[in-house]
Colleague: 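Got a structure here, written out as structure tokens. Questions coming.
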Protein chains: 2
Amino acid sequence: MSKAAFDTIKPRRRSDQVTLGQVAKAAGVSPMTVSRALNHPDKVSDRTRQSVLDSVERLGYVPNRVAGSLASSRSSLVAVIVPSLSNSVFVEVIKGLQETLEGEGYQLLLGNTDYDLDREYQLVRTFMGWSCSALVMAGLRHSEASHTLLTNASHPIMEIMELGPSLDLNVGLDHVAAGRCMARHLLERGYRRIVYVGARLGDDYRAFMRYQGHREVLECAGLEAPLVELETLGSLEAGALGLARVSREYPAAQAIHFANDDLGAGALLAANRQGLRVPEDIAIAGFNGLAFGQHITPRLTTIVSPRETMGRLAGQALIRRLAGQHVHRKRHDVGFTLQPGEST
Amino acid sequence: MSKAAFDTIKPRRRSDQVTLGQVAKAAGVSPMTVSRALNHPDKVSDRTRQSVLDSVERLGYVPNRVAGSLASSRSSLVAVIVPSLSNSVFVEVIKGLQETLEGEGYQLLLGNTDYDLDREYQLVRTFMGWSCSALVMAGLRHSEASHTLLTNASHPIMEIMELGPSLDLNVGLDHVAAGRCMARHLLERGYRRIVYVGARLGDDYRAFMRYQGHREVLECAGLEAPLVELETLGSLEAGALGLARVSREYPAAQAIHFANDDLGAGALLAANRQGLRVPEDIAIAGFNGLAFGQHITPRLTTIVSPRETMGRLAGQALIRRLAGQHVHRKRHDVGFTLQPGEST
DNA sequence: AACGCCAATGATAGCGCTACCATTACGTTC
DNA sequence: GAACGTAATGGTAGCGCTATCATTGGCGTT
């Protein structure tokens, strides 16, 4: 006779996963005690805890985090929303976050907006549905819909990369100041005809802010601040293209301030290949402080941002907040450093 | 009188999130109909669907995915486990996965093992608790504990990067063949005293397999295949260090086969700085086909692996599988291409 | 000896959603 | 016109866990 014949009530369970209840039975305790033994080990006696852990091991029990999250209405997920994975800057920040948060038992839920605020909204919405412990996002600009959702959120929100009026926590740096800093550096070196080259500045607001700072300084010095805008975001090819466009559109240019190191290094290497002397024929500067800029000849003048540190600090602040501790600096300026190379 | 005085039974809900039930009430239908309107739109009438969507909008309802996943015992999460986020190779694969899967409504859960099989196990265990739709992991080697867990998993498992006997689906390339390919190239160019430089080959099994292929070819040609092993995984600094160690330990070396492009490019740029002629004084080859290797002078000889494509193919295969369709190739060789530069 | 206190454990009642059937209304068929 | 199929909707019963309160028993206090 088939086993099913006995099952008058058909069980709903589709997987034959071991459940907490089965562990409880095996250990001779109540489910609640198993839950405590696993999540609040100090709340059960040593004997009980050991017996529960033995049963867990023996049965191969894997806690169902979905059920746990539903019951407690919070999850061990931390959502991270970045505008791009092609740009190593965001990857390094993710790495910093990952290192700090994984150690505390959180898992990263990753989303990519591709610099699209609508996609950002969709991601925020989706991630909210996961009862995340926290939400980390790059940038301070959001759509109105996102803003509504975010202000009603019950978890901490960490905005990173830039600095300014934030929803909750903020770790980043001042991009306008960074733009000013590099512009001043170029002026000090004696360059006067300086072109800023960026890409999709309407989307990449931080690059736009750096341009703002750059322009401000140049205009204060009575100089023009021409802008060349490319289609492609950071890439070495785009940098080479940027150099070509500047040569064509601004043949008298003495220096190029690139929005990032990918562009800058691309231009520098292209100049090398073309036999252009850097900085004599054209000076080149970037932004980010990517490693390879310091290995090429001449070394790329750049502004170093502490990216992995930024991720780590953001992670640490979140951990503190989630542990119920006070976060001292809701806005944390990680600063930046001008790193002069021989390219300017 | 306080409102609470009426609440004899205190509700358990901690957040004041709008629920599906409230949407149902607002739309004048049953919760079940709201669920269908959102998840199986073709199962409800146009009129009902519209009315439900209106209520969703009006109330600002955000579906609770945790509850949904528990009830349906599957989630829209796809777990991705990689050994490193410092290596752009994995980031590019993640990008490919992300592009394909995000469009189909999946979210990526990201884990980093740092080349540690125990951490891999912990991650697998944790991610299993999330009832993921699929699990993507780099590599075919797992601890016994992971293996047990993985073979009992009810979701598809995609192993990427390398090729071989896999648990379920597999998209990757043959690293032994790649090692052979580069070794043959170096022999064809006339080099005889060739050193392989890698890092943590005990952990980085793919780099080790490339060395195997390399050694096989050299030994067939009656040559030795000395190995220099570094502490740090791919980085430009480590590459420079590798060059230095080879100069010291194998001063007669004619060519260096580096385990990856970061090392190769680091060595190449260091050679440039030191005035060593590449390839006359020392030939240098890498692996991966990273962009910047093709922008430096001389261009780095390398083997290009289609990384983003690999991620995309893996994502597409998973999507097919999750849609219940047949996946034609459970093992998919994405191949590789030798890209000779002037560095060899 | 009676009392309170605390640590350890258990029983109960959901968390917000969906699988699974039951039901309804309305055409179609012979 | 009775039987039948089908599309749309609803009711019920959980999914596997944890918050909350209740209960127990051992201990120190007066």
Side-chain angles (χ1 to χ4, degrees), chain A residues 7-52 56 59 61-76 126 128-131 154, chain B residues 7-52 56 59 61-76 126 128-131 154:
Chain A
D7 298 339
T8 47
I9 300 153
K10 58 184 73 172
R12 178 93 172 282
R13 296 186 55 234
R14 281 157 295 278
S15 66
D16 44 6
Q17 285 282 324
V18 181
T19 68
L20 181 134
Q22 295 174 35
V23 175
K25 216 159 273 172
V29 295
S30 75
M32 207 46 238
T33 300
V34 176
S35 172
R36 271 192 283 254
L38 296 175
N39 301 320
H40 309 282
D42 53 317
K43 297 275 184 195
V44 297
S45 70
D46 290 357
R47 244 181 61 75
T48 307
R49 180 167 356 100
Q50 203 46 59
S51 141
V52 166
V56 165
L59 299 179
Y61 170 65
V62 177
N64 183 328
R65 285 166 186 271
V66 178
S69 304
L70 180 59
S72 64
S73 71
R74 63 196 145 71
S75 76
S76 57
T126 303
M128 289 243 170
W130 278 112
S131 318
S154 55
Chain B
D7 299 339
T8 48
I9 301 152
K10 59 184 69 172
R12 178 95 172 280
R13 296 186 54 235
R14 281 157 296 277
S15 68
D16 43 6
Q17 285 282 325
V18 181
T19 69
L20 182 134
Q22 295 175 33
V23 175
K25 214 160 275 174
V29 295
S30 76
M32 209 43 241
T33 300
V34 176
S35 172
R36 270 192 284 254
L38 296 176
N39 301 320
H40 308 281
D42 52 317
K43 298 273 183 198
V44 298
S45 70
D46 290 357
R47 243 180 61 76
T48 307
R49 179 165 0 96
Q50 203 47 57
S51 141
V52 167
V56 164
L59 300 179
Y61 170 65
V62 177
N64 184 328
R65 284 168 186 270
V66 178
S69 304
L70 180 59
S72 64
S73 71
R74 62 194 146 72
S75 76
S76 56
T126 303
M128 289 240 167
W130 279 112
S131 317
S154 54

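Quick caveat: nothing in here was measured; it's all calculated off a predicted structure. Chain letters run A, B, ... following the sequence lines, proteins first and then strands; every chain starts at 1.
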Colleague: Would you please name every residue forming a side-chain contact (heavy atoms from CB on, under 4.5 Å) with Ser51(B), sequence neighbours left out?
Modeller: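 For Ser51(B), the residues satisfying side-chain contact (heavy atoms from CB on, under 4.5 Å) (neighbours in sequence not counted) are Ala27(B).
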
Colleague: For Asp46(A), enumerate each residue passing the side-chain hydrogen bond (donor to acceptor under 3.5 Å, both in side chains) test, keeping only those at least two apart in sequence or located in another chain.
Modeller: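 Asp46(A): side-chain hydrogen bond (donor to acceptor under 3.5 Å, both in side chains) contacts with Arg49(A).
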
Colleague: Got a list of protein N/O to nucleotides 24-28 of chain C N/O distances below 3.5 Å?
Modeller:
none

Colleague: Tell me every residue that passes salt bridge (charged side-chain N to carboxylate O under 4.0 Å, His left out) with Arg36(A), counting only those two or more places apart in sequence or in another chain.
Modeller: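 Counting only residues at least two positions away or on another chain, Arg36(A) forms no salt bridge (charged side-chain N to carboxylate O under 4.0 Å, His left out).
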
Colleague: Given dC15(C), dA19(C), dT18(C), which nucleotide is nearest the side-chain atoms of Leu70(A)?
Modeller: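 The nucleotide sitting nearest to the side chain is dC15(C).
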
Colleague: Could I get the full list of side-chain hydrogen bond (donor to acceptor under 3.5 Å, both in side chains) partners for Ser76(A), not counting sequence neighbours?
Modeller: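 So Ser76(A) forms a side-chain hydrogen bond (donor to acceptor under 3.5 Å, both in side chains) with Arg65(A), Gln107(A).
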
Colleague: How about Thr33(B) and Thr48(B): do any of their side-chain heavy atoms sit closer than 4.5 Å?
Modeller: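 Yes, close enough: below the 4.5 Å cut-off.
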
Colleague: Identify each atom pair where a protein N or O and an N or O of nucleotides 5-8 of chain D are less than 3.5 Å apart, giving names and distance.
Modeller:
none

Colleague: To the closest 0.5 Å, what do you measure between CD (Gln17(B)) and CD (Gln22(B))?
Modeller: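 Answer rounded to 0.5 Å: 9.5 Å.
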
Colleague: Let me know the distance between CG of Asn64(A) and C1' of dC15(C), rounded to the nearest Å.
Modeller: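 Interatomic distance, CG of Asn64(A) to C1' of dC15(C): 13 Å.
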
Colleague: Given axes from five pairs at either end, by how many degrees does the helix from dA1(C)-dT30(D) to dC30(C)-dG1(D) bend, rounded to 10°?
Modeller: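 The end axes of the helix from dA1(C)-dT30(D) to dC30(C)-dG1(D) are about 40° apart, to the nearest 10°.
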
Colleague: Tell me, please, which residues at least two apart from Ser69(B) pass side-chain hydrogen bond (donor to acceptor under 3.5 Å, both in side chains).
Modeller: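 Result, side-chain hydrogen bond (donor to acceptor under 3.5 Å, both in side chains) vs Ser69(B): none returned.
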
Colleague: Which nucleotide in the list dG10(D), dA19(C), dC15(D) gets nearest to the side chain of Val29(B)?
Modeller: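 Minimum distance to the Val29(B) side chain belongs to dG10(D).
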
Colleague: Report the nucleotide, chosen from dG16(C), dG10(C), dC17(D), that has the shortest atom-to-atom distance to any side-chain atom of Leu20(A).
Modeller: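 Among the listed nucleotides, the one closest to the side chain of Leu20(A) is dC17(D).
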
Colleague: With a 4.5 Å cut-off on side-chain heavy atoms, are Val62(A) and Val18(A) touching?
Modeller: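 The answer is no, as the side chains (C-beta and beyond) never meet within the 4.5 Å cut-off.
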
Colleague: For Ser75(A), which residues count as a side-chain hydrogen bond (donor to acceptor under 3.5 Å, both in side chains) partner, sequence neighbours excluded?
Modeller: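 Applying side-chain hydrogen bond (donor to acceptor under 3.5 Å, both in side chains) to Ser75(A) gives none.
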
Colleague: Let me know the distance between NE2 of His40(A) and P of dA7(C), rounded to the nearest Å.
Modeller: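 Rounded to the whole Å, the gap is 16 Å.
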
Colleague: Would you kindly check whether a donor in the side chain of Arg36(A) faces an acceptor in the base of dG10(C), or vice versa, at under 3.5 angstrom?
Modeller: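 A donor-acceptor contact between them is present.
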
Colleague: How long is the span from the CG atom in Leu20(A) to the NZ atom in Lys25(A), to the nearest 0.5 Å?
Modeller: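 Reported value, rounded in 0.5 Å steps: 11.5 Å.
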
Colleague: Between dG10(C) and Ser30(A), is there an OP1 or OP2 to side-chain N/O distance shorter than 4.0 Å?
Modeller: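 True: Ser30(A) side-chain N/O within range (under 4.0 Å) of dG10(C) OP1/OP2.
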
Colleague: Side chain of Arg74(A) only, heavy atoms from C-beta on: which candidate in dC17(C), dT18(C), dA19(D) is closest?
Modeller: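 In terms of side-chain proximity for Arg74(A), the closest of dC17(C), dT18(C), dA19(D) is dA19(D).
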
Colleague: Has Thr33(A) got a side-chain N or O lying under 4.0 Å from the OP1 or OP2 atom of dG10(C)?
Modeller: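 So the side-chain polar atoms of Thr33(A) do come within 4.0 Å of the phosphate oxygens OP1 or OP2 of dG10(C), strictly under.
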
Colleague: Between Leu38(A) (CG) and dG16(D) (P), how many Å, whole number?
Modeller: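 These atoms are roughly 16 Å apart.
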
Colleague: Rounding to a whole Å, what distance do you find between Asn39(A):CG and dC17(D):C1'?
Modeller: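 Atom CG in Asn39(A) sits about 9 Å away from atom C1' in dC17(D).
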
Colleague: Roughly how many Å is it from CZ in Arg65(B) to C1' in dT18(C), rounded to a whole number?
Modeller: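 Taking CZ of Arg65(B) and C1' of dT18(C), I get 14 Å after rounding.
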
Colleague: Report yes if the side chains of Trp130(A) and Asn64(B) come closer than 4.5 Å at any heavy-atom pair, otherwise no.
Modeller: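 Side chain of Trp130(A) against side chain of Asn64(B), heavy atoms only: no contact under 4.5 Å found.
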
Colleague: From dG10(C), dC15(C), dA19(C), pick the nucleotide closest to the side chain of Met32(B)?
Modeller: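 When the side chain of Met32(B) is considered, dA19(C) is the closest of dG10(C), dC15(C), dA19(C).
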
Colleague: By side-chain contact (heavy atoms from CB on, under 4.5 Å), which residues pair with Arg74(B), not counting sequence neighbours?
Modeller: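 Only Ser72(B) meet the side-chain contact (heavy atoms from CB on, under 4.5 Å) criterion with Arg74(B).
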
